[in-house]
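Scroll down for the structure; my scribbles are underneath it.
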Amino acid sequence: MSENPFKPSFGKTPPLLAGRDPLVSQFGEMFRSGEWTPARMSILQGLRGIGKTVLLNAIEDAAHENGWLVLSETAHTGLVERLTATALPRLLREHDPQSQRRDVTAGGIAAVGSLTTQISERHLPSQDLRDQLTLLCELAADLGIGVLLTLDELHAHALPEITPITVALQHLQREDRDIAFVGAGLPDNINGVLQDKGTTFLRRATRIDLDSLTIDESRAALHDPIVVAGRSIDSDALEYAALASRGYPFLVQAIGSAAWSATPRTDSITMADVEQASRRAHRTMGQHVHAPSMKSLSATDRTYLAAMANDAGPSRTNAIAKRMGVSIGYASVYRQRLLDAGLIEAPERGVVRFALPYLRDYLREHSVANTLNPTARSTFPEHEPDLDAGLR
Ligand SMILES: Nc1ncnc2c1ncn2[C@@H]1O[C@H](COP(=O)(O)OP(=O)(O)OP(=O)(O)O)[C@@H](O)[C@H]1O
Ligand SMILES: [Mg+2]
C-alpha cells in the first residue's frame with residue numbers, strides 16, 4: 001500500500017508544485033546566467049495557503065542547483081542574531097579556503113626544539129552583518145556564483161530585524177555584489193513592512209502576486225501524484241475534486257489527502273470518496289485559513305464581510321453600506337482595508353467579491369454575532385462545495 005502523496009500542511013512541498021514552473025524557471029535562469037533581471041530583488045505576496053513558502057523553497061532549490069549559496073530565514077525575532085551568529089559563520093567557514101589560519105608559533109620550554117601550530121578561526125559568530133555578507137559575496141564571486149537571501153513571513157513586527165538587513169542589501173547592491181533577495185508574506189503584512197522609512201529600498205523590489213491555480217493545473221496537481229503513487233481516480237471524481245478546490249493550493253492538498261485516505265485499499269478513488277473528502281477539506285480550510293484570517297481583522301472589517309455574505313454572488317458596495325447602517329464613505333474605508341488585505345476583490349466599480357474561496361460559506365455558517373464577537377465559540381458545520389461557482 002503506497003503512502004498518501006499529498007501534503008496538506010503549511011510549508012510542506014506538494015508532490016506536484018502546479019502552476020509555478022514559469023516563475024521558478026525565471027529565477028533558475030537568473031541563477032544560471034548570473035545576469036540580473038528584475039527578479040533579483042523580489043517579494044512574493046498572497047493569501048494564507050496560496051503557496052508562498054513552498055515557492056520560496058523551490059526558488060532556493062533552483063539556487064542550490066546552480067551552485068549558489070543560500071541563506072533561508074523567517075522574519076521572526078532574533079533573525080539578525082541567527083544570521084550573524086549561526087548561518088553566516090557556517091557558510092563562511094564552509095566556503096573560505098582560509099577559514100582556519102594555521103599560525104606557526106615557537107614552542108614553549110616543554111617543546112624546546114619543536115614548533116607547534118595554533119589554529120585561529122577567522123569567522124567568529126556575531127560579527128557585523130554587512131561585513132559578513134560582503135565577505136560571503138566575495139567568496140561566492142571567486143567561485144563564479146552568487147548569494148541568495150530569502151525571508152519568509154515578512155511582518156511589521158519584525159521591522160527592527162528587517163531594517164538592518166535592508167540597509168546591508170542596499171549597500172551590497174550599490175557595490176554591485178552578486179546577491180539576490182526574495183521575501184514573502186501576506187499582502188497586508190508586506191504593506192506594513194514597506195510603509196516604514198527604514199525599508200524604502202525594498203519598495204523597489206518586484207512584487208509578485210501569487211494567484212490560485214487554473215482548473216487544468218488543479219486537475220494535474222490532484223491526478224499526477226495519485227497515479228505516480230500507484231492508484232487512479234475516476235474522471236468524474238477528478239473533475240469534482242478540481243472544482244471543489246477552486247484552484248486554492250491548500251485545498252488541493254487537503255482534498256487530495258482526504259480522498260486518498262477515504263478508502264486507501266482500493267485501486268481507484270471514486271466520486272463518493274471525493275465528496276466526503278471535500279467536506280472534510282472545507283472544514284480544515286475553515287480552521288487553518290478562514291479563522292486565522294478573521295482573527296487579524298477589526299470588528300468593523302468583519303461586519304463588512306458579514307454584510308457581503310448576505311449576497312449569493314458579488315456585492316454592490318452601496319448595498320453593503322445600507323446593510324451596515326453607515327454612510328458609503330464610512331463603508332469605503334473598510335472596503336479599502338479588506339482590499340489591501342487581499343480578502344476581497346473589486347471586479348468592477350461599485351462591486352466587491354470574496355477573494356478567499358468558501359469565505360462566504362464560512363461566514364454564513366458562523367452567525368453574524370460571531371463575526372462581531374471573535375471570542376465567541378462556534379463549530380464549523382458541514383457543507384457541500386458550490387460547484388457552480390467554478391474557478392476564479
Ligand atoms: N503550486 C502548488 N501546487 C500544489 N500544492 C501547493 C502549491 N503551492 C502550495 N501548495 C500546498 O498548499 C499548502 C500551503 O502552502 P504554503 O505553506 O506554501 O502556503 P503559504 O502561502 O506559505 O501560507 P501562509 O501564508 O500561511 O504561510 C501546502 O499544503 C502546500 O503543499
Ligand atoms: Mg508560509
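When a ligand or atom number is given, it counts from 1 through the structure's own listing order.
By heavy-atom distance, the residue among Gly51, Pro292, Pro249, Ala18 lying nearest atom 3 (N) of ligand 1 is Ala18. With distances taken over non-hydrogen atoms, the option nearest atom 14 (C) of ligand 1 out of Gly49, Ala221, Gly19 is Gly49. In this comparison of Ser9, Gly11, Ser293, the heavy atom closest to atom 17 (O) of ligand 1 sits on Gly11.
Counting protein heavy atoms only, atom 29 (O) of ligand 1 is closest to Lys7 O, 2.6 Å. Protein heavy atom in closest approach to atom 5 (N) of ligand 1: Gln253 NE2, 3.0 Å. The protein heavy atom nearest to atom 22 (O) of ligand 1 is Thr53 OG1, 2.8 Å. Ranking protein heavy atoms by distance to atom 31 (O) of ligand 1, first place goes to Lys12 O, 2.6 Å. Shortest contact from atom 9 (C) of ligand 1 to any protein heavy atom: Val54 CG2, 3.3 Å. Summary of contacts: the protein heavy atom closest to atom 13 (C) of ligand 1 is Phe250 CA, 3.8 Å.
Proximity of Lys52 to ligand 1, defined as any heavy-atom pair under 4.0 Å, is shared by backbone and side chain alike. Here Ala254 has no heavy atoms under 4.0 Å from ligand 1, in either its backbone or its side chain.
Proximity of Arg353 to Asp311: side-chain heavy atoms (C-beta onward) are nowhere separated by under 4.5 Å.
Put simply, part of Ile50 is less than 4.0 Å from ligand 1, judged by heavy atoms. Contact annotation: Leu16 has at least one heavy atom less than 4.0 Å from an atom of ligand 1. Under a 4.0 angstrom heavy-atom cut-off, Leu47 registers as being in contact with ligand 1.
Side-chain contact, Asp273 with Thr270: a donor N or O sits under 3.5 Å from an acceptor N or O.
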